[in-house]
Structure formats: structure tokens, C-alpha cells
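Below: one structure, written as C-alpha cells.
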Amino acid sequence: MGMEGVAEMTKVAQEQGSDPLLWAIQMYSSLNSAGESLPSAELAQFLVSHICWDNNVPILWKFLDKALMLRIVPPMLILALLSKRVIPSRHTQPVAYRLYLELLKRHAFELKSHISVPDYQKVMQSIDVVLHLSHMFGMSLNEPGILVVLFIFSVVWQLLDALLEDEGLLEFTLEKKSRWATLYQDMELDRHDEYGDIKTEQHEKLQNANTLLAVEIIGQFLQDKISSRILFLARRNLHAHWHSFVQRLQLLGEHSLTLRKSRTLSPETLLQLTSNSCMVLSRECKTNLQQKFRTVMSFEYLSSSASLCHGASHSALWIPLDLVLEDAMDGYQVSATSAIETISGLIKTLRAINGTSWHDTFLGLWLATLRLVQRERDPIEGPMPHLDTRLCMLMCIMPLVVADLIEEEERTPVDEKDSGPTDHWKDKLTGKCRNDLVSSLQVLGDYQSLLTPPQSVAAAANQAAAKAMLFVSGITIGSAYFDCIGMTEMPFDCSGNMRHLIVEACIARNLLDTSAYLWPGYVNGRINQIPQCMPAQVPGWSSFMKGAPLTSIMVNAMVSSPAASLAELEKIFEIAIGGSEDEKISAAAILCGASLIRGWNIQEHTVQFILRLLSPPVPVENTEGNNHLINYAPILNVLFIGIASVDCVQIFSLHGLVPQLACSLMPICEVFGSCVPNISWTLTSGEEISAHAVFSNAFILLLKLWRFNRPPIEYGVGDVPTVGSQLTPEYLLSVRNSHLMSAGNVHKDQNRRRLSEIASLSSPKSVFVDSFPKLKAWHRQHQACIASTLSGLVHGTPFHQIVEGLLNMMFRKINKGNQTTITSGSSSSSGPGNEDASIGPKLPAWDILEAIPFVVDAALTACAHGRLSPRELATGLKDLADFLPASLATIISYFSAEVTRGVWKPVFMNGTDWPSPAANLLNVEGQIKKILAATGVDVPSLASGDSSPATLPLPLAAFTSLTITYKVDRASERFLNLAGQTLESLAAGCPWPCMPIVASLWTQKAKRWSDFLIFSASRTVFLHNSDAVVQLLKSCFTATLGMNGSPISCSGGIGALLGHGFKSHLCAGICPVAPGILYLRAYRSIRDIVFLTEEIVSILMHSVREIVCGGLPRERLEKLKATKDGIKYGQVSLAVAMTQVKLAAALGASLVWISGGLMLVQLLIKETLPSWFISVHRSGQEEKSDGMVAMLGGYALAYFAVLCGAFAWGVDSSSSASKRRPKVLGTHMEFLASALDGKISLGCDSATWRAYVSGFVSLMVGCTPNWVLEVDVHVLKRLSNGLRQLNEEELALALLGVGGVGTMGAAAELIIDTAM
């Protein structure tokens, strides 16, 4: 039966006035007999076109109604066809419009029956053709489910535009016209005005009623359980369209007179229906798992300020931050990445995962960094970063982190945060972040134990408090006042604390203003009298700003006190680049003084000025490469020495300037290493510096910026190199070049803009190692020396003569007394040594460095064969290092290679030939065992062999003897720092007790370093002993969780994990070290870190069993039972258990990420976790706990896995590491989907698996929705089906809801199918 038959049959029925139901039954029968597919799209097209408008009569509308009732036409298609015809003609056809609205009300909310018909896909495609949905919304996908979303959205939007036009509001929209005007254009000619020009009262009444009904239908769409969720999908996936839609909705809500007449919908209700709180995919708002995780967030939160660590729930939130901050204090490693970037990313991750407010986030950040500072209150002495580095983190890095976070929050469009994009909501959010910063700093005043300033900064804290007190009292005094008077001489009480310094640091960066001085309790009262006048001028920054010259007294005063403002720094920098030679040197020394170390409010500018001085501008007439640098030798040398200390290098590292520092040093090394040593410079003080000295100071500083002395064993696992192996000259330059390449991007955060600016000012072009052939050649020789034995020395060549000349210089005294010289190679020449060699060869430094491996090899061979005594060997090596201090680097390179090769015989450290450790070796070994035992580590193999004499491999003995010849003073510090790390690394790699022997020799040399040396020796135990590593990891978990039997503490938390400083609990003459501190200082020595993932997962699951089966601290449980009124004991214990489980998972994730970075996290997610789930696990304790262990274990693994991924990749796509996320995450999601499909057999407990899957997906959906967008759509759909099999309907829907446009259709169909 064709459409001709349908038309004829309908026409006859219309003329005869047939019963509409009878017509519909006959039509159904005829179409069915003709084999037509029902419901029929063709019949729908015919009926609507027949009615509009030639046959717009009641009987045909009744025919249409009965056709819909008997399902012989698709309702959604009818509504689409009518909307296109009726809405543009609503003024001329008010009755038709009313009938359309009634049909819409009746059929638009019965979607389940509409999508269950056989031709559902074909019907939706017809609707797409009618309404041009794919074109209107820019959709390339035309899945039927997606078209359902677009259809519902378009229907509501058409009604909305019609309402705005009827009330004269459409002209106030951005487009000034209906979004659907183009669609309606074809319909204009079909309009027939049934009333002509006569507007009756009934007509107007009907129009008003229609308008009111349309408003209420829009409200119904926004309130209906199914349609509101479908509109939510439109909101999530069609951002720009939704933005425009809501702006129009807001216009209606604020100005519509019709809306005010409605009895069922108010303007406030209409606007509220599109807000965050009402527009959700699930009426539960959050999944059950997130409720379980997040309800314990506020449980005991910040409950106690009495100690350095706070409640365990607080530890669970911020323990990763505490660990990362403490890890950054390790002087054995500098980072190519800014601590600002690392911490900002970590804060965003923790905030997303834990759902904390900005107030709690900022408070947690300040508390964690204050704990970092307080752990250094009573430090041990040694070549390691101290308080200055920690204070830099608190008062410079953290304010810069906060500034970046606030800028990003204020810059991010509100619709990107999944909020309503209207100005109404944006106004509410503006300034919220800054207000939370203020409130966090106000609350910080309650934590007095953390705010007590260390002795060295007490004066600065008092000065900050005095400044605030003077402001509050209305007294204006310049900074000269503080230059003139000590705080002890102040005529009023102004004791300050760390909060005063933090506030000053925030004010300096425009995060706060001076209204902070007026906070309650910020200052102790007011000053009634103006302080007496001070002397007119004393040496200091204020006098300098008034024009006082840079006398020696003035320079000393400015070196010892930091600049107070950027203006002061800028003026001294101008002198450093434009003053006289003496002024330049003084200015450089000032910049490297207190302004660098303690100038927390301007430190980021100080390091920038120093780097600019290290890269002097190239003169226009310069045609000889970097040779212009020679003219800057005196000022450059001052800078090298000024920033060579461990703390200074770490400060540059925290600011992310190691790559730029390396880039500045490389051309300097290239030039000065190529100079002959007779070039020298005489300073006004009479001191003379040579090209060798300048080169050595620059070269030693450069070598501190990467792990040059490590053997080539640090290759990556899989496709990711390890962190350590990336720190090469090439890598540092590539990072620096990346800063330069992003200079034009205005959307970067403040930190990246800062790094780009510094890179551009230093050198506007990319720099590569090939630009420095001498440095590149040395680095290649260094790598070759480590990889294989020396070869290629040909006798009689000029290079051989250099080697001989250096040997004669080193051992000239021996050669004068004997007729046998120490030579390179197997033969020795007789006769007196070269007398001229006593002053050393006049050669460029690079030529000398090239010869040194052969020189040291010859000397060591001579010593091995008895031609050279150990004392003579050490003296000769020291003479060589004194002649060219930079030669220490190549000596280190050679000894590293030879100790690693292990081909030299051991020598007896007997006190005759070699220094003896006997005086304190037993004591050192005993203290090492006590330190390990105090952290729960027992290593039986450490038993000392009292009967056997102490021995060391010859290269290690020689290297140790050389280091002992250095004085322990400031001048030697930069050389000892470089040599000391290698010495420890080499001794640790040799059989026990080589390390205690070396530590014993050095404790005899530097008694004040004893604690540091013994601690360093104790951490090397973990290099080869994996059992000791596992024991230490277990101690970290037991201490943190406060489990019974913990040797550290029964209270748990960060205080137990990281302690309160090395000397906080002296016991039996030694300093117990917290397990977390020991692990953070030891993990870099662990060569095989791959096994850590399995061990940490195992320890985590064991911790969960301990928590559930009675491992909770008894006193904590009693306290909880007593204070939680109205909560049953069972609920309290579950909440505590969940808090502890979360704490354990956070600790485990932090340790994995810190230990192995991206590589280890990806190994965990790709291999370790799938293997664990496939393996069989049995435990008697699990059976006793009614499945609680299994369930909490699954949640723990889920939280652990998501945190690991978030640490490594970030929660968004801003980091470079996030580019690796889709592949690894996709593999894991495929594993989850396959296991749920039954394609993979699991060995773990089903409750554990179920908890893990629901937990992992919940956290992804709720905390890292960007991850879901990167997963294959088909995998997401399979995973959603699997979740439905687990009765996780809400979670299945939530997963599809955040999966983007690709899963929008499946989400819509699931909403409709389950009526969720």
C-alpha cells in the first residue's frame, strides 16, 4: 500500500467524518497487510504535511492522535515534523500550536517505548534530516542515542526561543534571532492565517495560554527524571551550545512576565534547575564509593594543633605533599623541573582526588611546609641542604605555587569547571580562591607549635611583626629604621612567628594586602609613642638607595642582609652590569649574599639577575664566538663561588633554573677551558685569579647539575627512561630550549612565563651540546672511561708528553730523590725529572683533563706495584687537584670506573701504608646497626668481622685518601660536595664493611660531621639488600598507621613517618631516624626498583588486614568512641578503618611515585596490578572478617592505583607526562572490561575485585573525568555493561556520562532503558 492509497483512504475518511479510531485500525491493518514496517515514517510525513496547512481541521488532528495511540507513526518523528511546521506559525495557528504542545506533553516523556521499536535507528535518522540536528550541533556522529539527546535539546530550545520572541526578549540575545530561524525559513510560505487580520479576544487568550503552557513544559523537561538527565548530557558534551542556551534561559527567568504568572514554576526555580546542584546525571550526585571516601574527609580534620603531625585523616590528605617536600631536600639530586610546577600539579591532583576546598588546600599546604621547616630545627652538621633550602620552600616557592593556583583558578572559564556559565554564577566564584587563602592564613595562627621560628630567623620574624604593629598604630617609618636598630633594642614588644614571614611573602607577591595586619591577634596591641630618631645613616640597603657609595663596610652590610624590595635589587643589578670593575664585583657578591639565601620576598628575582650576569650580552662587534666572556672573568668567578654551596644549588633547583644555569655555564667552561693559564686577572684586593681557577669553579658547579659520576646502569624499563638517566647535558639543554620555545604562549602559568623570560633574556636562541665541542669531547671520554678500560695512549706523541709532564709535576720530589720516574705505560724512563715541570704544564684546562685518566691510571698502577707509596699517591693526586681543581672531576670519573670494574686487589687499611679506621670502626658499625634497628630493620649480615683486618679495593682506598687531604672549610666545600657523593656511592657498591671503613676514616677527619657520616653509611645498606628495603617499607607503613608493635610511634601520622628532626629524640648517644626519612635518603641507591611495586602492593594489602583485624591504635579508638555522639560504635570503627585504609593507600602511592616516577607507575598499572588480580590469594584472617578485608582491600587498591596515575600523569593534560596516559590507561581499562566480560579468569576474592572496579571507575568519573575521555569508546561501553552486571547501574551511567560525545548516545539509552 503506497502513499497514494494512504492519501485516498484518509481523504475518504475525512469527507465521511469517520470515527478516528476506526480509521486508525483500518490504516494499521492495511499497512500491516502490505508488509509495511510499523510505525511508519512515511505515514508520519504524510499526515503532518497533509494537516499543515491545507487540512488544518479537527478530524485530522484526531486521526493523528489515534495513529500515535496505536503506534502506527513514530511519536518523536511526529513531534519533530510538527515543531518545524507549527512553532513558526504559532501566532497564526494558535490552536495547532496548542495541540502540538499537548502532544509534546503526552509523548515526549515516554521515551522508553519510542526507542524500543525495530526501526528506531531509521526513525532517528529521519528526525535528523527533518531538524538538521547533526548540522545544527556540528556532530559528525549520528548514532541514534546521540540523536535522541539532540532531539530533546532542540525541542526545549525551540520552545525557549519561541517564548523569548513572544515576549520581545529575543533581541537581547547575542544573535538577536532564533537559533532555529534558518530551519523555519522554508516554512514561511506555507503559513495560512486562519483569523486573517481580525485578532479576536479568544485568539489572544489562547496565545497567552499557549505561552504559559510552553513555559511549564520547559520546566517539566528540566524536572523530569529522564529528560533532565538527557539535558545534562547535552550540557556536558555541547559546551558552547549549552552556554548559549542557558544565557537565553537566564534572560527568560529574569524578564519573562509569563513566567511570573505560572503556578507551577517560578523564575528562581527555573534558574536553579540548570545549576550544579540540580543538573546531575545521577540523583545520588555521587557514587557510593565517593561517599565512603569523602565522608571521612571531614572526620577529625585538623583536629589537633598540639604537635607537628595532626590527625590521621589529615595525614591521609597531605602525606604525599609532606613526602615530596622532604624528598626535595635531598642534596644528592637536583631537579630539572621547577618545584613550583611539581607542587602545583600535586596540589591540583590531591584537591581533585580528595575533594577539598581551597581553604583546606591552602591550609594543608602551609602546614606541610611548616612541618618541613620544623624538622630542621636542630640539624646535624654535614654537606647537605639545611634550613635555608627549607625556608626557601616555605616563603618563596609556596607563595609562588599559591599565585599560580589562584591565577589558573581565576583564568579558567567557569563552564570548564562544569558550572553554569552565566555571569550570575561567575560573579559568585570571582575572588573565592583569594578569600580562602586569607581564611587559611587566619586559621594558621592557631598552630603555635609549628609557627615558632628557628633561631636564625627569629630576628626576621620579629621585624615582620614590628612592621605590622607600626602600620596598625599609624606610624610610618622607612626601612632605614630597621637598618639602624636591632630588634632587641625595640621600645615595644614585637615577637614575631613564621606566620608573619609567610604573610609578608604573600604581600610581596600581591596575594594579600596590608589589611592582613588588622587580622584579630596578628599583632600584640599598638604603639603609643613614636620611636626615638635614629642616626641619620648607617651602612645598609636604605643608605645605598639614598646614593651612598659601595664602600667595603657598605658591601659587607648588604651581603649580610637581604634586599627588602625589587627596586633595591634592580639598582644593584644595574651597578653589576654598568658600574666600575670593582663595583661590578661588589654587586655580584651582594646578589649572592643574603638576598639569595634569605631574601624570600624577592628571591625569584635574585636568581634571575644572577643568571643574567652569568650570560653577559654579546657585543655587536663580536665575531669570535663566546670569547667576549674572558673580559667578565672577575665578576663571573665571584658568582661561581657565591652560588656553589649546597643550599644555593638547591635553591636554583627549586626554582627550576638548573637547565638555564647549565646553559649559562657551558659556554663559560668552553671558553675558559680553552685558555692558556698565563691569562690572569688581578683584583683590587691584590688577589690574582687564573683562567684555570675560573674554569675550575665553573666546571665543578656545572657537574653538580647532573649525575655525571654514576655508572651507566640506569637504563629505563619499557619505553620510559629513569629519572636519573635523564639528567645529562643534552637533557638539561633540551628542557631549557623547551622553556624558550614556549615563550610566545600567553596562556602559560606564571612559573612557565618566568622560565621563558629568563631563557629569552639569557640567550634568545636554542642551545645544543654541539656548540661546545670541548665539553662534548670531555663528556664522551668520561662515558668511555666508565664503560671500558683505558687505551689509545701512543708513546712519543704530544698527548703522551702531556701525560708525562703531569706525572713529573705530581711526583717531582720523588723523581728528584730517585732515578726512576713514574710514567704512563709499561716502561719507565731513567734520569732526572723535568725541572720546569715543577710549576705545571702551561696548557689549556681541556687538554689537561683529557690526559688525567691516563695520569691517574699510571699513578695507581705504580702504587699497586710498590713503586709509589700510598702517602705519595695521595699527595701527588692532591697536587694535581691543586694545580687544576677541575681535575677532581676526571679523577672521580676514573676512580668510579675502576672501583666498579673490581679488578684491583684490596689493600690493608693498617695505619702504616694506608690510614686505619680501627680507632672507631666498631663504634661506627654499632651505631649503623642501632639506627637501622630503631627503624625496624634487622640485617644479620652486618655483623662485623672483628678478627679480619679492614681492607678496601685499591682505587677506593686511594680516592678516600685523596678526599681526606682536603680541609673541611668553606673554600674546599664545593669540591668535597662533589667528591663526597661519589665516595659514598662507590663505598656503598663495594662489599660490606667498605662503607663503615670509609665512614670511620672520615669521622676521624671531621668529628662534627659524625652524625651525618654515620647516617649516610646506614642508608647504603639498602643498595644490595632487598630484604632490608622491604623491612624499611613495612616500617614506613606501620609507623604511619600507628599500628601496634611499631618501634617508632604508636600515634601514627606524618610525625611518626618523617619525625621531628634528626636530634629530636636523642637515645643512647645516637639519633633515631624516622623510617620515612631513611627511605627518602636511601631509595636512590636501590638499583632494582622494579620489585618495589609488588612489595608495596603486598604491604598495602597486609596493612588493610591489620587495620580490620585489630591493628588500630587503642587510644585513638577510645577517643573516637567518646567524642562521636550519636554514632554507633560499628559505624565509627568503619569510618576509622576507611580513614586508615586511605592513609595506607596514599602512602603506598607516594612511595611508588617518588621511587620510580612515571616508569614505575606505568609498570604498576600495566603489569603489577593485573598480575595481582589474576593470582590466587588466600588468608585465614579474611574469612574471619566477614569480607570486610576483601572489600576494603579492593577500595585501597583502587585509591592507590588512581593516586599513582594522578601523581605521574596529572588529573588534566597540562603536563608532558600526560601524553603517555592514554596508552597505559587504555590497557588497564581493557583489562577491567575483559575481566568483567569473563574473558580473563581472576584469582582474587570476588569482593576485592568488585570493590576495586567500582572504586577505580568511581574515582575516575568523580575526580579525573579527563582520563575517561582518553579511553576507547567501545571499551567504555563494555565496562559499563560489566558494571551493570555487578548491579552498579548508577556507576555504569556515570561512566558513560563523562565519556564524551562518543558515549553520549549509550548514556542516553541507558537512562531511558533503566528509567534512572
Side-chain angles (χ1 to χ4, degrees), residues 297-298 301-302 305 310 314 317-318 321 340 343-344 347-348 350-351 354-371 373 393-412 414 417 419 425-451 453 460-461 463-474 494 496-526 600-602 604 749-751:
M297 295 295 173
S298 57
Y301 183 56
L302 295 179
S305 61
H310 306 283
H314 179 248
L317 291 177
W318 303 112
L321 179 59
I340 302 167
I343 295 167
S344 295
I347 291 296
K348 287 190 284 187
L350 292 175
R351 187 167 179 269
N354 295 322
T356 48
S357 66
W358 277 118
H359 168 88
D360 289 343
T361 299
F362 290 139
L363 184 57
L365 188 139
W366 297 125
L367 291 173
T369 321
L370 283 166
R371 285 192 290 267
V373 171
M393 183 69 87
L394 173 64
M395 288 181 288
C396 185
I397 299 300
M398 283 308 169
L400 293 174
V401 167
V402 171
D404 274 0
L405 292 171
I406 289 177
E407 182 194 53
E408 181 178 350
E409 183 72 7
E410 292 179 346
R411 185 183 66 228
T412 304
V414 183
K417 303 174 198 166
S419 304
W425 294 107
K426 192 175 290 186
D427 290 341
K428 285 191 175 182
L429 287 167
T430 302
K432 176 72 168 64
C433 201
R434 287 180 184 270
N435 292 337
D436 282 353
L437 171 64
V438 170
S439 64
S440 72
L441 287 169
Q442 288 173 334
V443 172
L444 191 62
D446 297 336
Y447 296 84
Q448 288 301 321
S449 62
L450 287 174
L451 296 176
Q463 185 171 316
K467 180 181 176 184
M469 188 176 289
L470 290 167
F471 176 88
V472 170
S473 304
C494 52
N497 58 33
M498 298 305 293
R499 183 169 70 141
H500 292 104
L501 292 173
I502 292 171
V503 166
E504 289 299 320
C506 290
I507 290 174
R509 291 165 181 94
N510 296 320
L511 296 171
L512 300 174
D513 56 33
T514 50
S515 63
Y517 298 155
L518 304 174
W519 295 345
Y522 189 76
V523 294
N524 301 321
R526 295 172 177 265
W600 307 298
N601 299 344
I602 39 86
E604 65 268 33
D749 56 50
Q750 286 186 29
N751 178 56

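Numbers here are sequence positions counted from 1. When reading the values below, keep in mind they use all heavy atoms of this one structure, side chains included, and skip hydrogens, waters and symmetry mates.
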Check your understanding: Roughly how far apart are Leu363 CG and Asp446 CG, rounded to 0.5 Å?
Key -> 9.0 Å

Check your understanding: Going from OH on Tyr517 to CD on Glu504, what distance comes out if it is rounded to the nearest 0.5 angstrom?
Key -> 3.5 Å

Review point. Can you list every pair that meets salt bridge (Lys or Arg N to Asp or Glu O under 4.0 Å) and has a residue in residues 393-403, with sequence neighbours left out?
Key: none

Check your understanding: Mind checking whether Leu450 and Leu367 have side chains closer than 4.5 Å, heavy atoms only?
Key -> yes

Exercise for review: Measure across Asn497 and Pro453 and return the closest heavy-atom pair with its distance rounded to 0.1 Å.
Suggested key: CA-CD, 4.0 Å

**Study point:** Residue pair Leu512, Val503: steps toward the side-chain contact (heavy atoms from CB on, under 4.5 Å) verdict
**Key:** CA-CA 8 Å; Leu512 300 174; Val503 166; 4.1 Å; yes

Check your understanding: Would Phe362 and Trp366 count as a close aromatic pair, with their ring centres under 6.0 Å?
Key -> no

Exercise for review: Could you tell me which residues satisfy side chain to side chain donor-acceptor pair (under 3.5 Å) with Tyr522, sequence neighbours excluded, listed by chain and number?
Suggested key: none

**Study point:** Minimum side-chain heavy-atom gap Ile343-Met398 below 4.5 Å
**Key:** yes

Revision key, fill the gap. Rounding to 0.5 Å, atoms OH (Tyr447) and CG (Leu370) come to a distance of 11.0 Å

Exercise for review: Report the C-alpha distance between Val438 and Arg434 in whole Å, list the side-chain angles of each, state the deciding distance to 0.1 Å, and finish with yes or no for side-chain contact (heavy atoms from CB on, under 4.5 Å).
Suggested key: CA-CA 6 Å; Val438 170; Arg434 287 180 184 270; 5.8 Å; no

Review point. Salt bridge (Lys or Arg N to Asp or Glu O under 4.0 Å) with Arg411: which of Glu407, Glu408, Glu409?
Key: Glu407

Review point. Do Val523 and Leu518 come close enough that some side-chain heavy atom pair is under 4.5 Å?
Key: no

Point to revise | Interatomic spacing from CG in Leu441 to CG in Leu437 - rounded to 0.5 Å | key: 5.0 Å

Exercise for review: Could you tell me whether the side chain of Ile502 reaches within less than 4.5 Å of the side chain of Leu394, counting heavy atoms only?
Suggested key: yes

Exercise for review: Report yes if the side chains of Val443 and His359 come closer than 4.5 Å at any heavy-atom pair, otherwise no.
Suggested key: yes

Exercise for review: Could you tell me the separation between the CZ atom of Arg351 and the CG atom of Leu365, rounded to the nearest 0.5 Å?
Suggested key: 12.5 Å

Exercise for review: Show the numbers, then the answer: is there a side-chain contact (heavy atoms from CB on, under 4.5 Å) between Leu350 and Thr356?
Suggested key: CA-CA 8 Å; Leu350 292 175; Thr356 48; over 6 Å; no

**Study point:** Arg509 vs Cys396 side-chain heavy atoms within contact, under 4.5 Å
**Key:** yes

Review point. Quick one: side chain to side chain donor-acceptor pair (under 3.5 Å) partners of Asp513, sequence neighbours excluded?
Key: Ser515

**Study point:** Side chain to side chain, Trp318 and Asn354, heavy atoms closer than 4.5 Å
**Key:** no

**Study point:** Sub-4.5 Å side-chain heavy-atom contact between Leu451 and Leu444
**Key:** yes

